[in-house]
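Taking it in order: structure first as structure tokens, then the write-up.
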Number of protein chains: 2
Amino acid sequence: MTQVASRADGRRAAGQRSRAAILAIAVDLASSEGLEGLTIGRLATEARMSKSGLFAHFGSKQGLQLATVERAREIFTDEVIAPALGAGQGPTRLCGVLNAWLSYFERGVFAGGCFFIAASSEFDDRGGPVRDAVDGAMEAWIEFLEQLCAEAVADSAIPAGDPGQLAFELNAIGIATNWELRLRRNADAIPRARAAFERVLAGGAA
Amino acid sequence: MTQVASRADGRRAAGQRSRAAILAIAVDLASSEGLEGLTIGRLATEARMSKSGLFAHFGSKQGLQLATVERAREIFTDEVIAPALGAGQGPTRLCGVLNAWLSYFERGVFAGGCFFIAASSEFDDRGGPVRDAVDGAMEAWIEFLEQLCAEAVADSAIPAGDPGQLAFELNAIGIATNWELRLRRNADAIPRARAAFERVLAGGAA
DNA sequence: CCTACCGATCGGTAGG
DNA sequence: CCTACCGATCGGTAGG
């Protein structure tokens with residue numbers, strides 16, 4: 001029963017490949033032009049498809065935006081969170097994540113810089129499912145950082161301090177790094193960020 | 001000769017009032033919907049004017065965007081920079097600016113949060129005069145912060161440290177505060193920012 | 001997955 | 001500062 005792929009299975013697989021190819025373009029486009037600037041017409045041109053052919057994959061512009069946010073979240077997880085999870089304990093893990101985060105900025109994993117920082121700024125004054133998806137991804141990120149800080153404090157690897165305050169300060173440094181790299185085109189942001197991370201982790205947070 | 005206002009003077013004054021009224025709406029609209037989302041049609045509706053009547057003030061959408069950035073810069077200067085300039089010396093001045101900056105975030109001086117953080121994110125991947133205007137405003141801000149840090153170090157009010165690194169870290173905290181307030185709707189960002197400012201200024205920067 | 005089409009809105013212009 | 005208009009593009013639909 002499972003040996004022979006049916007015609008329907010072949011169609012479904014092709015559809016999934018097509019969808020994946022569209023989303024690979026969409027995340028880069030949205031990171032530079034915004035999730036509203038991601039128009040169906042332009043995306044169709046870049047994916048060499050008809051507008052309505054592309055449209056059929058997502059049902060609405062909002063569906064396309066939600067799928068794009070979800071795909072960006074997978075990429076962020078693969079690039080920043082997953083590599084550090086396998087390696088080491090509390091404090092090593094925290095340093096691993098911070099290094100992976102800087103590397104993600106530096107390599108330009110998304111064509112227009114950090115997808116989620118851009119999407120935060122674009123959607124922070126709106127309501128609706130897209131804003132909720134962006135906020136949900138960011139909440140998970142901040143909670144993850146906070147948990148790593150709590151582990152590092154528990155291991156006495158860094159001075160005692162409020163994990164929430166530590167996570168706020170570490171997150172601030174990362175956001176500013178993306179800003180320096182993208183707007184100011186200042187490559188010094190990377191060493192600056194490293195020095196700032198070290199000071200936060202060495203100093204403890206009230 | 002200067003006693004009697006000519007008909008032309010009256011017209012010019014009315015034109016300037018109209019322009020100022022348009023830009024007051026434009027900065028708020030752009031801070032929430034973006035400088036591209038600031039469409040001439042919608043702005044005209046909110047200003048109770050015809051599209052072409054509004055258009056005539058600026059000549060092009062880019063002209064409108066540039067005028068909006070300039071007006072936002074004046075507001076930022078009035079709210080954050082000017083108040084602290086009159087009062088006190090080096091370190092007092094630095095604290096005054098940081099407090100005024102937090103107050104500016106907290107009061108929501110622009111309807112959609114910090115105009116320049118939003119515009120940075122929107123235009124960082126483009127070229128052209130609007131990007132240059134945003135970058136120019138941000139460069140002036142960072143240099144101003146750096147100068148205040150250098151003064152505070154020179155006055156021995158804070159431990160010796162690289163003013164550029166100090167300014168990077170202080171700026172990071174402000175950007176993250178806007179992000180916490182707008183996306184995460186987390187009012188704790190204000191006390192968190194105050195604690196972070198104090199730690200940066202107490203610790204010195206390598 | 002396509003062609004062909006819809007009404008709405010975009011930035012911008014003509015002419016007054 | 002207005003009315004009336006332009007071509008282009010938007011999100012989305014019909015029908016295959």
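Sequence lines set the chain letters: A, B, ... in the order given, protein chains first and strands last, and positions in each chain run from 1. Just so you know, these numbers come straight off a predicted model, no measurement behind them. What's counted below: heavy atoms across the whole structure, side chains too, no hydrogens, waters or symmetry copies.
Of the side-chain N and O atoms in B/Ser50, none sit less than 4.0 angstrom from OP1 or OP2 of D/dC1.
Residues B/Gln147 and B/Glu143 bring no donor and acceptor atom of their side chains to less than 3.5 Å of each other. Side-chain atoms of B/Gln165 and B/Glu169 include a donor-acceptor pair closer than 3.5 Å.
Separating the CZ atom of B/Phe58 from the P atom of C/dG11 is a distance of 13 Å, rounded to the nearest angstrom. Protein atom CD of B/Gln65 is 14 Å distant from nucleotide atom P of C/dC10, rounded to whole Å. Regarding A/Gln62, its CD atom lies at a distance of 19 Å from the P atom of D/dC10, rounded to whole Å. Atom CZ of B/Phe55 is separated from atom C1' of C/dT9 by 15 Å (rounded to the nearest Å). Rounded to a whole Å, the CD1 atom of A/Ile40 is 9 Å from the P atom of D/dC10. To the nearest angstrom, C1' of D/dC1 lies 17 Å from CZ of B/Arg48. Look at CG on A/Leu38: it is 12 Å from P on D/dG12, rounded to the nearest Å. Whole-Å rounding puts the B/Leu54 CG to C/dT9 P distance at 17 Å.
Among C/dG12, D/dC1, D/dC10, the nucleotide with an atom closest to any side-chain atom of B/His57 is D/dC1. The side chain of A/Ser52 lies closest to C/dA4 when the candidates are C/dA4, D/dG12, C/dG12. Checking D/dC1, D/dG11, C/dG11 against the side-chain heavy atoms of A/Lys61 singles out D/dG11 as nearest.
Taking only distance into account, the side chain of A/Lys51 meets the base of D/dG11 through a donor-acceptor pair shorter than 3.5 Å.
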### Task
Could you go through the side chain to side chain donor-acceptor pair (under 3.5 Å) check for A/Asn186 and A/Arg192 one step at a time?
CA-CA 10 Å; A/Asn186 176 15; A/Arg192 288 247 147 102; 5.9 Å; no

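C/dG16 is paired with D/dC1 under the criterion used here, namely a Watson-Crick or G-U wobble arrangement in which both key atom distances are under 3.5 Å. Checking D/dG7 for Watson-Crick or G-U wobble geometry (two distances, each under 3.5 Å) identifies C/dC10 as its partner.
Between the side chain of B/Thr77 and the main chain of B/Arg73, a donor-acceptor pair closer than 3.5 Å is present.
Aromatic rings of B/Phe76 and B/Trp141 (six-membered ring for Trp) have centroids within the 6.0 Å cut-off, being under it.
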